[in-house]
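Note sheet for the following structure.
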Amino acid sequence: MTTQSQSVVSLADLRQTVERLAMTTPVTDMHTHLYAPEFGDLLLWGIDELLTYHYLISESFRWSEEEYSHFWSLTKREQADWIWKLLFIDHSPLSEAATGFITILKRLGLDVSSRNLDDYREALSRRTVQEQVDTVMQISGVSKIVMTNDPFDSVERPVWLADQGKSDPRFYAALRVDALLNDWPHAVKELQKLGYDVQTEWSQRTKEETRRFLSEWIIRMDALYLAVSMPGDFVYPADDHRSKMIDDVMVPVCGERNIPFALMIGVRRRVNPSLGLAGDMSMRSDVTAVEALCRRYPEQKFLITMLARENQHELTVLARKFRNLMIFGCWWFLHIESMVEEMTRFRVELLGTSMIPQHSDCRVFEQLIYKWEHSRRIIGSVLADKYEKLHHSGWSVTEEEIQRDLDDMLNQNFWRFLGKEHK
Ligand code: RAT
Ligand code: ZN
């Protein structure tokens, strides 16, 4: 008997041990739209921000004839009141995003049964942003947060230029480069404003200057990876701007700086422009683009998530073929309990624990609470099924092994992929 066998978890304790560890293992949230407190107003938090989350905005309009323009002319508080009435009072909050708001109230210790929005506002307004950040990170068990950082954003840029973006060690940067790939004319203007000598034409000088821009900002932000969202009709290789940008600029710079390239594929932006951020749609993608990238650049690491449910199985199979491919998260419209369950199950069945099962995509700080609570519960229950099955075949696991597996999925797979293992 090994010492290990002393902590083998009995069948009777197995499920609740796995579920407890799934709920409590500290998490690295590797893709969010959250900011550290140093970024001031960019860090969204509180009741009105939560209620005006774009996921809830689009759900609200299903119940109303309201003019879009009128909604956008309201104050944030008025918008929140309108959404609260439509989604929580006139109808039951059953959608993932609406249920999530209730989970947040509950975990923050507010009286959910009172349905008194002003009381909730009042309770949170007594907290400072710093207190709320600490409280939410503690409740959600999220210990490391990766932001989404855009040097073209005129509010965000000064924080980095003043060297204040890295003050809170719990927050990490990811350099977002959508415009470079998806709106080159706009990117050219922005780059020129920042002093880079680029032109719309793909000249040698333009390539060098775009590479210089990326390198300088990766260093300035200490960015963990380069990130982009792509439409579903993204093809690679192709005789187009995107392939040139990837081949001549992005992959070389990622290689030089030794960071992964994250592609989030399958979004069709602004199918209903009147809804603003809430007007984007999902779209099926071509997984062979990822296959071609992974094959052509075996030394380059790719973090990949896709938005269409229809792509998930194929993408997971592809991850069996390429170790430089790490699939991550149940993105956006897939971040609903039924999809998280389905995807987590077949990902484990195809890859074991060698993937990143979830990221939050939070935009408002307190959302960390519900997004992680809901996902942790599903991850725990899927894993419990699998360990029980092993147990019935005579393969018992120790608590340490369960903890290791969860730590891999919720932390280490990400950091190891980056070559920055955290202990
Ligand atoms: O999930 C979201 O909030 C979307 O609006 C997008 O931000 C998406 O996650 C993205 O990163 O493009
Ligand atoms: Zn996102």
Side-chain angles (χ1 to χ4, degrees), residues 28-35 39 42-45 49-61 83 95-98 100-101 104 142 145-153 156 171-183 186-187 223-234 242 260-283 285 302-309 311-312 327-336 339-340 343 356-368 370-372 374-375 414:
T28 298
D29 195 342
M30 52 76 66
H31 170 59
T32 76
H33 299 265
L34 301 176
Y35 291 89
F39 289 81
L42 286 172
L43 197 182
L44 305 182
W45 66 288
E49 293 294 352
L50 287 166
L51 283 171
T52 53
Y53 185 32
H54 71 86
Y55 292 24
L56 292 175
I57 291 175
S58 54
E59 290 169 33
S60 304
F61 272 102
I83 291 171
S95 74
E96 176 70 18
F101 181 73
I104 294 168
V142 174
I145 294 174
V146 184
M147 307 178 280
T148 295
N149 304 98
D150 179 2
F152 295 163
D153 183 317
E156 177 172 347
F171 290 79
Y172 298 82
L175 176 54
R176 185 78 175 231
V177 293
D178 282 32
L180 295 186
L181 283 152
N182 298 325
D183 190 356
H186 172 68
L224 296 181
Y225 59 85
L226 203 67
V228 66
S229 74
M230 290 288 211
D233 55 14
F234 164 58
R242 287 197 182 107
F261 186 15
L263 291 106
M264 307 174 66
I265 308 169
V267 53
R268 194 142 47 98
R269 297 283 179 196
R270 297 171 74 78
V271 297
N272 182 354
S274 306
L275 277 173
L277 212 52
D280 298 341
M281 175 67 188
S282 79
M283 184 180 179
S285 309
F302 295 96
L303 286 158
I304 306 284
T305 198
M306 285 185 159
L307 195 49
R309 180 192 189 185
N311 287 125
Q312 300 309 321
I327 57 169
F328 72 93
C330 304
W331 183 23
W332 204 340
F333 312 110
L334 297 170
H335 200 137
I336 55 173
M339 292 297 104
V340 176
M343 287 169 65
I356 298 169
Q358 194 55 302
H359 68 271
S360 78
D361 238 311
C362 287
R363 284 177 181 267
V364 186
F365 214 80
E366 294 87 347
Q367 290 168 343
L368 286 171
Y370 93 81
K371 300 229 186 197
W372 280 106
H374 295 190
S375 294
F414 175 67

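Basis for what follows: all heavy atoms, side chains included, without hydrogens, waters or symmetry-related copies. Each ligand, and each atom within it, is numbered from 1 in the order the structure gives.
Using cut-offs of 30° and 60° on the angle between ring planes, the pair Phe328 and His31 is perpendicular. Under the 30°/60° scheme for interplanar angles, the aromatic rings of Tyr35 and Phe39 are found to be tilted.
Nearest residue to atom 12 (O) of ligand 1 from Arg363, Arg176, His33 is Arg176 (criterion: closest heavy atom).
Heavy atoms of His359 found under 4.0 angstrom from ligand 1: none, in either backbone or side chain.
Near His31, meaning under 4.0 Å from one of its heavy atoms, ligand 1 places the atoms 9 (O), 11 (O). Each of the following atoms of ligand 1 lies closer than 4.0 Å to a heavy atom of Tyr55: 1 (O), 2 (C), 3 (O).
Contact annotation: the side chain of Ile83 approaches that of Ile57 to within less than 4.5 Å [non-hydrogen atoms, C-beta and beyond]. Side-chain contact between Trp331 and Met264: present, with at least one pair of heavy atoms (C-beta onward) separated by less than 4.5 Å. Leu181 is not listed as a side-chain neighbour of Phe234, based on a closest heavy-atom distance of 4.5 Å or more.
Of all protein N/O/S atoms, those lying under 2.8 Å from the Zn ion (ligand 2) come to 3.
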Run the salt bridge (Lys or Arg N to Asp or Glu O under 4.0 Å) check on Arg269 and Asp280 step by step: do they pass?
-> CA-CA 4 Å; Arg269 297 283 179 196; Asp280 298 341; 2.7 Å; yes
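In terms of protein heavy-atom proximity, atom 8 (C) of ligand 1 is closest to Trp331 NE1, 3.4 Å. Protein heavy atom in closest approach to atom 9 (O) of ligand 1: Asp361 OD1, 2.7 Å.
To the nearest 0.5 Å, atoms SG (Cys362) and CD1 (Ile145) are separated by 8.0 Å.
Considering backbone and side-chain N/O of Asp280, none are found under 3.5 Å from N/O of ligand 1.
The shortest separation from a heavy atom of Arg269 to ligand 1 is under 4.0 Å, placing the residue in contact.
Salt-bridge formation is detected for the pair Arg176/Asp178: a Lys NZ or Arg NE/NH1/NH2 atom is positioned less than 4.0 Å from an Asp or Glu carboxylate oxygen.
Under the side chain to side chain contact (heavy atoms under 4.5 Å, CB included) rule, Val228 has a single partner from Leu175, Asn182, Leu180, which is Asn182.
A distance-only check finds a donor-acceptor pair linking the side chain of Asn149 to the backbone of Ala174 [under 3.5 Å].
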